[in-house]
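Single-structure report; data block below.
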Amino acid sequence: MKFILWPTRIPEIAALSASQRKEAWRNAQGHMYTHWETWIGLLAAGLLAAAGGHVGTAFGGATFGSELIGVVVGGAVGGLVYSRVALYVVCRYHSEARRAGGGA
């Protein structure tokens, strides 16, 4: 699986014109939260942020700064996981919509 960081780099969407690309992204993004994978990605992001807070507390004591650093690092990792899941769902939805004749 190719690592895609930005939605405009999705091969199926990148080949479209700017207005078609915007319409395709909005359409796919609107359907993103109807898929269970998206919700699992959101749950994973939250759990990773919470785990980061616990790890920060364990290593830095009970100070607010260490817990905050742990939450930020865990949230960043969780955000990366969520973005990967969201792009996967959008790519899959866009491909299915094109095959079904849904246009861009």
Side-chain angles (χ1 to χ4, degrees):
M1 182 173 182
K2 187 176 177 182
F3 187 77
I4 300 170
L5 190 58
W6 303 108
T8 55
R9 302 288 183 183
I10 298 171
E12 295 89 0
I13 294 177
L16 302 173
S17 69
S19 62
Q20 290 175 326
R21 191 169 46 235
K22 185 183 275 188
E23 180 183 344
W25 176 249
R26 283 185 183 163
N27 186 31
Q29 195 176 22
H31 294 282
M32 186 170 64
Y33 292 102
T34 62
H35 295 274
W36 64 270
E37 295 96 338
T38 305
W39 293 103
I40 296 296
L42 276 173
L43 178 65
L47 290 174
L48 285 167
H54 287 295
V55 169
T57 302
F59 285 116
T63 62
F64 179 72
S66 63
E67 183 178 348
L68 182 64
I69 291 171
V71 168
V72 168
V73 171
V77 172
L80 179 64
V81 168
Y82 171 71
S83 69
R84 298 297 305 146
V85 169
L87 283 174
Y88 167 76
V89 170
V90 167
C91 286
R92 195 181 71 195
Y93 175 79
H94 182 71
S95 297
E96 289 174 3
R98 287 187 63 105
R99 271 186 257 129

Do Val73 and Val71 share a hydrophobic cluster, counting only Ile, Leu, Val, Met, Phe, Trp and Tyr and linking them when any side-chain heavy atoms are less than 4.5 Å apart?
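No.
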Locate the shortest heavy-atom distance separating Trp39 from Tyr33; write the atom from each residue and the value.
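So the two residues come closest at NE1-O, 2.7 Å.
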Measure across Val89 and His35 and return the closest heavy-atom pair with its distance rounded to 0.1 Å.
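Shortest heavy-atom contact: CG1-CD2, 3.5 Å.
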Return the [atom1] to [atom2] distance between [X] and [Y], rounded to the nearest 0.5 Å.
X     : Y     : atom1 : atom2 : result
Leu42 : Glu37 : CG    : CD    : 12.0 Å
Leu43 : Thr38 : CG    : OG1   : 12.5 Å
Phe59 : Ile69 : CZ    : CD1   : 13.5 Å

Pairs of donor and acceptor atoms involving the side chains of residues 74-81, under 3.5 Å and at least two apart or interchain, shall be tabulated with distances.
none

If we ignore hydrogens and angles and just use 3.5 Å, is the side chain of Thr57 paired with the main-chain N or O of Glu67 as donor and acceptor?
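Pair absent, no side-chain N/O of Thr57 close to backbone of Glu67.
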